[in-house]
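Okay, structure first, notes after.
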Amino acid sequence: MIARAAFAIPARISYHPRMTSETPRPSEARALWLISAAHLVSHFHYLVLPPLFYVLRQRMGVGFVELGLVITISNVTSALVQAPMGYAVDRIGPRRMLIFGLCLSGIAFGSLGLFPLYTWMIGAAVLFGVANSVYHPADYSILGSVIDPARVGRSFSIHTFAGFLGGAIAPTVMVLLAGNFGFRTALICAGALGPIAAVPLLLTPALDRVATPRPATRREERPARVLLSPAVISLTGLFALLSLSSGAITTFSVVALVALYGVQASAANAALSAYLAATAVGVLAGGFIADAT
């Protein structure tokens with residue numbers, strides 16, 4: 001919906017060499033729509049478990065420390081696999097790897113709904129960590145190949161906005177599903193989102209052509225020390241601190257509000273959704289500001 005508002009979505013990917021940088025190519029809009037949808041699902045999946053912590057604690061007989069360990073295992077797995085996954089994306093192709101990530105993430109949560117055991121929750125966390133490591137290298141590989149440099153800022157912000165939007169709706173959706181149909185059904189429904197989002201990508205093989213970079217010549221190759229430049233290191237540090245703070249809020253704010261301040265669980269989840277929605281709006285505005293400045 002956001003991508004449609006930014007660019008007109010075509011029926012298929014095509015090329016118009018005479019278009020200027022002021023006119024989005026049809027391939028840009030199509031790719032942005034597909035990748036943003038996948039990113040929305042990835043952030044939704046990231047917040048499937050935290051809203052259900054109180055229910056899972058009672059049903060599985062574990063404490064918040066054990067449940068927090070599940071999130072830690074998922075994040076550590078994703079961090080360890082992130083770099084190798086980037087090479088896999090380059091070798092296998094970003095579209096194929098994105099389909100793999102969406103399906104694997106869906107399997108992780110769907111199977112947890114079928115087998116709601118703490119031991120399997122650890123295994124599902126590992127599967128989700130592997131799946132989660134696919135999204136950024138695959139997403140940015142496709143967008144970086146398709147989007148005109150004049151619109152990179154707003155396109156990346158729309159992509160990021162879709163992710164935060166998925167996270168914003170996850171707490172409310174999961175609480176409603178669990179309250180009306182049970183937490184197992186809620187987990188299965190959440191898992192089904194992965195394969196559903198993978199279907200349009202499966203039906204768009206043209207993305208393999210637009211997202212496959214040409215081989216670099218010897219003159220174009222860059223030494224590895226570029227990755228250790230002050231700019232890259234400083235931005236990596238900034239992103240690590242940002243992830244540390246935002247991750248703590250998204251994972252434990254609901255539990256903290258309920259346990260420390262006696263807030264109703266539904267109100268605590270609504271507060272988390274409001275926080276993520278406000279972040280999404282700020283990210284979306286930031287992309288347009290980046291292009292303008």
Side-chain angles (χ1 to χ4, degrees), residues 38-86 88 97-139 163 166-167 169-171 173-175 177-178 182-198 239-240 243-256 269 272 276:
H39 201 214
L40 184 148
V41 172
S42 76
H43 277 245
F44 185 99
H45 279 173
Y46 188 79
L47 281 172
V48 162
L49 294 181
L52 303 180
F53 270 2
Y54 270 98
V55 177
L56 295 173
R57 180 192 182 195
Q58 297 172 356
R59 296 298 179 90
M60 297 185 177
V62 296
F64 291 129
V65 174
E66 288 81 1
L67 292 173
L69 178 63
V70 172
I71 304 299
T72 298
I73 290 174
S74 174
N75 289 333
V76 169
T77 301
S78 185
L80 293 176
V81 181
Q82 193 79 56
M85 195 60 70
M97 291 304 298
L98 194 53
I99 293 171
F100 163 77
L102 287 166
C103 291
L104 183 62
S105 183
I107 291 172
F109 290 108
S111 63
L112 185 58
L114 296 174
F115 307 102
L117 304 172
Y118 181 74
T119 51
W120 177 240
M121 186 181 287
I122 298 294
V126 174
L127 293 181
F128 175 64
V130 174
N132 196 46
S133 67
V134 172
Y135 295 115
H136 283 168
D139 288 3
I169 64 177
V173 170
M174 293 306 298
V175 168
L177 286 175
F183 79 99
R184 297 179 64 175
T185 301
L187 289 171
I188 293 172
C189 290
L193 291 177
I196 290 173
F239 191 75
S243 298
L244 181 65
S245 60
S246 62
I249 293 173
T250 55
T251 303
F252 296 109
S253 61
V254 172
V255 172
N269 279 292
L272 176 58
L276 292 170

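Across all non-hydrogen atoms, the minimal contact from Gly86 to Pro137 is CA-CB, 4.1 Å. Nearest heavy atom pair, residue Val48 against residue Met174, reads CG1-CE, 3.7 Å. What you find for Gly167 and Leu47 is that their closest heavy atoms are O-CD1, 3.3 Å. Closest of all the heavy-atom pairs between Ser253 and Leu272 is OG-CD1, 3.7 Å. Closest heavy-atom contact between Pro51 and Asn269: CB-OD1, 3.3 Å.
The CE atom of Met121 sits 8.5 Å away from the CD1 atom of Ile71 when rounded to the nearest 0.5 Å. Here the straight-line distance linking atom CG of Leu67 with atom OH of Tyr118 works out to 6.5 Å at 0.5 Å rounding. To the nearest 0.5 angstrom, Tyr135 atom OH is 13.5 Å from Tyr46 atom OH. To the nearest 0.5 Å, atoms CD (Gln82) and CG (Asn75) are separated by 11.0 Å. Interatomic distance, Ile122 CD1 to Leu127 CG, rounded to the nearest 0.5 Å: 12.0 Å. In this structure, CD1 in Ile73 is found 13.5 Å from OG in Ser78, a value given to the nearest 0.5 Å.
Aromatic ring pairs are classed by plane angle as parallel below 30°, tilted from 30° to 60° and perpendicular above 60°; the pair Phe53 and Phe64 is tilted. In this structure, His45 and Phe128 have perpendicular ring planes: the angle between them is above 60°, well past the 30° mark.
Between Leu56 and Val70, the closest side-chain pair of non-hydrogen atoms is not below 4.5 Å. Contact annotation: the side chain of Leu49 approaches that of Leu112 to within less than 4.5 Å [non-hydrogen atoms, C-beta and beyond]. Side chains of Val65 and Leu69 form no contact here, defined as non-hydrogen atoms less than 4.5 Å apart.
By the side-chain hydrogen bond (donor to acceptor under 3.5 Å, both in side chains) test, Asn132 is found to be paired with no residue, residues two or more places apart in sequence or in another chain being considered. Applying the side-chain hydrogen bond (donor to acceptor under 3.5 Å, both in side chains) test to Ser111 and every residue at least two apart in sequence or in another chain returns Trp120.
No donor-acceptor pair closer than 3.5 Å links the side chain of Thr251 to the backbone N or O of Ala248. Panel note: side chain Ser243, backbone Phe239; a donor-acceptor pair is recorded below 3.5 Å. In this structure a side-chain-to-backbone donor-acceptor pair under 3.5 Å is present from Ser133 to Val130.
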Anything under 3.5 Å between a donor and an acceptor, one on a side chain of residues 182-195, the other on a protein residue two or more places apart or in another chain? List them.
unit_1: Arg184; atom_1: NE; unit_2: Gly113; atom_2: O; d: 2.9
unit_1: Arg184; atom_1: NH2; unit_2: Leu114; atom_2: O; d: 3.0
unit_1: Thr185; atom_1: OG1; unit_2: Phe181; atom_2: O; d: 3.3

